[in-house]
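So the structure is just underneath, and the comments pick up after that.
Starting from 1, each residue takes its place in the sequence as its number.
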Amino acid sequence: DDIISMTKHPRDDVFASGQVGKDPAIHVWDGNNLSTLISLQGQHQRGVCALDFSGDGELLASVGLDNDHTIVLWDWKNGAPLATSRGSKDLLFEIKFNPHNPDKLVTVGKKHINFWTRSGNTFKSRRGIFGKVGKMTS
């Protein structure tokens, strides 16, 4: 199947790639010898459109191409999903970790930006406000 997303580990020569297909997989690769370290599967439908490693490289976040653009947080070394949440009915283009806090992520997509905080095995989100109507918060 075709690869539609990719990210690089922040410290090691390790890469993760996301496939498109009926039962898409995320493959985590060793960039030196090109071997597959682990395959992560069973959480997404139709494809994996966005990926990101946490700042310390211990976690991997993924976004699926299902109708809800499901977000999954992985303990990638052990192949275990740690948290999942519905992302958005609108297409998501990117997911990024806060580099200093692996429990916080941001997604961007069609006409939206969402800020996510991990809460146990799920996420809580806050929608960003565009334009002059929003006030800066800290």
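The number of heavy-atom neighbours closer than 6.0 Å to CG of D2, taken from other residues, nucleotides and ligands shown, is 12 or below. Environment of CD in Q45: sparse, with no more than 12 heavy atoms of neighbouring residues, nucleotides or ligands closer than 6.0 Å. Remark: K8 NZ is packed, more than 12 non-hydrogen atoms of other residues, nucleotides or ligands lying under 6.0 Å away.
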Residues L105, D52; criterion side chain to side chain contact (heavy atoms under 4.5 Å, CB included); working and verdict: CA-CA 10 Å; L105 300 106; D52 194 38; over 6 Å; no

Worked verdict on V63 versus H44 for side chain to side chain contact (heavy atoms under 4.5 Å, CB included): CA-CA 8 Å; V63 177; H44 293 299; 5.6 Å; no

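Taking hydrophobic clusters as Ile, Leu, Val, Met, Phe, Trp and Tyr residues chained together by side-chain heavy-atom distances below 4.5 Å, V14 shares a cluster with I26. Grouping the Ile, Leu, Val, Met, Phe, Trp and Tyr side chains by contacts below 4.5 angstrom, directly or via other members, places L60 apart from L82. In terms of hydrophobic clustering, with Ile, Leu, Val, Met, Phe, Trp and Tyr side chains grouped at heavy-atom distances under 4.5 Å, W116 and L59 are assigned to a common cluster. L91 and I71 fall into different hydrophobic clusters, defined by Ile, Leu, Val, Met, Phe, Trp and Tyr side-chain heavy atoms under 4.5 Å apart, directly or through other members.
The two residues N67 and R46 make their nearest non-hydrogen contact at OD1-NH2, 2.7 Å. Between F115 and G128 the shortest heavy-atom distance is CE1-CA, 4.0 Å. Heavy atoms only, all atoms of each residue included: V48 and G18 are closest at CB-CA, 3.9 Å. The two residues G55 and P10 make their nearest non-hydrogen contact at O-CG, 3.4 Å. Taking each heavy atom of L92 and G87 in turn, the nearest pair found is CD1-CA, 4.2 Å. Nearest heavy atom pair, residue T84 against residue T122, reads O-OG1, 3.1 Å.
Side-chain atoms of R86 never come within 3.5 Å of backbone atoms of D68 as a donor-acceptor pair (strictly under, hydrogens ignored). A donor-acceptor pair under 3.5 Å is formed between the side chain of N101 and the backbone N or O of D103. Put simply, the side chain of T36 never gets that close to the backbone of W29: no donor and acceptor are under 3.5 Å apart.
Looking at residues two or more places apart in sequence or on another chain, you find no side-chain hydrogen bond (donor to acceptor under 3.5 Å, both in side chains) involving H9.
For the atom pair CZ (R126) and OG1 (T117), the distance works out to 8.5 Å, reported to the nearest 0.5 Å. Summarising the geometry, atom OG belonging to S88 is positioned 12.5 Å from atom NZ belonging to K111; distances are rounded to the nearest 0.5 Å. Remark: Q19 CD to Q41 CD distance equals 7.0 Å, nearest 0.5 Å. Rounded to the nearest 0.5 Å, atoms NZ (K89) and NZ (K110) are 14.5 Å apart. For the atom pair CG of D30 and OG of S35, the computed distance is 4.5 Å after rounding to the nearest 0.5 Å. With rounding to the nearest 0.5 Å, the separation of CG in L51 from NZ in K96 is 9.5 Å.
Residue P81 is tested with L73, V72, D75, N121 for a side chain to side chain contact (heavy atoms under 4.5 Å, CB included); the sole match is V72.
Residue pairs meeting the ring pair (Phe, Tyr, Trp, His ring centres under 6.0 Å) criterion with at least one partner in residues 61-106, sequence neighbours excluded, are F53-W76.
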